[in-house]
Protein chains: 2
Amino acid sequence: MNDQIMSIGMVKELTGLSERQIRYYEEKQLVFPARTKGGSRRYSFEDVKKIQEIHRKLKEGYNTYELKIKSRRQSNVI
Amino acid sequence: MNDQIMSIGMVKELTGLSERQIRYYEEKQLVFPARTKGGSRRYSFEDVKKIQEIHRKLKEGYNTYELKIKSRRQSNVI
DNA sequence: CGTGTAAGGAATTCTGACACG
DNA sequence: CGTGTAAGGAATTCTGACACG
């Protein structure tokens, strides 16, 4: 949770996605990168995995809203 | 070896050292950060540990040359 | 020797917006 | 809806150098 250490540039390299895509997933509340004092995003490896998963699901036909609901369900499992 | 993903800014935060110190240890061949296409340094958590170790040793009185020799010895252990 | 700092430039990242479909 | 892109600005990082001790 506190190991958000890489820039969007690294995430871009690791995932092959565009900055636009990566930022959009945050806009839709699917990932929550930390921020530096200056305002730059900082991601963890967990976030990278999540981002790749999101992209996969989108290609499968899901939309960001459905993915948000789904991740909420996961968190609420008892 | 391929997990060099954080900027000098993160290393600075994690170690409390200055950019000058962090860069100097590289200048003295004690750490070997990767570089982005643009030329920015990228460090791994291993590097961060190494940097902290270097700083500790320096405070103990060692100089960068001795530390370089020492790390070379470690690598050559058979 | 190890570190601080001011200097100027280049690379990185940010936001809000318009575009397409 | 998910993504591309040009725009302008701000934050980040880089190098080489002078300084101190």
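Just so it is clear: chains get the letters A, B, ... in the order the sequence lines come, proteins before strands, and each one is counted from 1.
Mapped onto DNA chain D by nearest heavy atom, Glu26(B) and Leu58(A) fall at different nucleotides, with Leu58(A) at the one closer to the 5' end. Between Gly38(A) and Tyr65(A), it is Tyr65(A) whose nearest contact on DNA chain D lies nearer the 5' terminus.
Listed pair His55(A) / dT3(D) meets the phosphate criterion, a side-chain N or O lying under 4.0 Å from OP1 or OP2. Put simply, Tyr24(A) has no side-chain N or O that comes within less than 4.0 Å of OP1 or OP2 on dT3(D). At the phosphate of dG2(C), OP1 or OP2 sits under 4.0 Å from a side-chain N or O atom of Thr64(B). Considering only side-chain N and O atoms, Tyr25(B) lies under 4.0 angstrom from the phosphate OP1 or OP2 of dT3(C). Between Ser7(A) and dT13(C), a side-chain N or O to OP1/OP2 separation shorter than 4.0 Å is present.
Here Arg42(B) lies out of heavy-atom contact (under 4.0 Å) with every strand.
Here the C1' atom of nucleotide dT3(D) and the NZ atom of Lys57(A) are 21 Å apart, to the nearest Å. Residue Glu27(A) contributes atom CD, which lies 14 Å from atom C1' of dG4(D) at whole-angstrom precision. Summarising the geometry, the separation between CD1 on Ile8(B) and P on dT12(D) is reported as 13 Å, rounded to the nearest angstrom. Distance CZ (Arg35(A)) to C1' (dC14(C)): 8 Å, rounded to an integer number of Å. The interatomic distance linking Glu19(B) (CD) with dG4(C) (P) rounds to 11 Å, in whole Å. Per the geometry, NZ belonging to Lys28(A) stands 7 Å off P belonging to dG2(D), to the nearest Å. Per the geometry, CE belonging to Met10(B) stands 15 Å off C1' belonging to dT13(D), to the nearest Å. In this structure, Ile22(A) atom CD1 and dT3(D) atom C1' are separated by 12 Å, rounded to whole Å.
Checking dT13(D), dT12(C), dT15(C) against every side-chain atom of Arg23(A), the shortest atom distance belongs to dT15(C). Nearest to the side-chain atoms of Ser18(B) among the listed nucleotides dG4(C), dT12(D), dT12(C) stands dG4(C). In the set dT12(C), dC14(D), dG2(C), dC14(D) carries the atom at the smallest distance from any side-chain atom of Arg41(B). Comparing dT3(D), dC14(C), dT12(D) by their nearest atom to the side chain of Thr36(A) picks out dT12(D).
For Glu66(B), the CD atom is densely surrounded, since the number of other residues' heavy atoms within 6.0 Å is greater than 12. Other residues, nucleotides and ligands contribute only 12 or fewer heavy atoms inside 6.0 Å of the OH atom of Tyr65(A).
For the pair Arg35(A) and Glu26(A), the salt-bridge criterion is met [side-chain N within less than 4.0 Å of a carboxylate O].
Scanning atom types as modelled, one donor and one acceptor separated by under 3.5 angstrom connect the side chain of Arg20(B) and the base of dT5(C).
Note that Lys70(A) lies in the cation-pi zone of Tyr62(A), set by a 6.0 Å cut-off to the ring centre and a 45° limit from the axis.
Scanning all heavy atoms of the two residues, the minimum distance from Arg42(A) to Ser7(B) falls at NH2-OG, 4.3 Å.
Tested against Arg56(B) for a side-chain hydrogen bond (donor to acceptor under 3.5 Å, both in side chains), the candidates Glu60(B), Gln52(B), Glu53(B) yield a single pass: Glu53(B).
Pairing for dT12(C) is with dA10(D), a Watson-Crick or G-U wobble pair whose two hydrogen-bonding atom distances lie under 3.5 Å. With a cut-off of 3.5 Å on both Watson-Crick or G-U wobble distances, the partner of dA17(D) is given as dT5(C).
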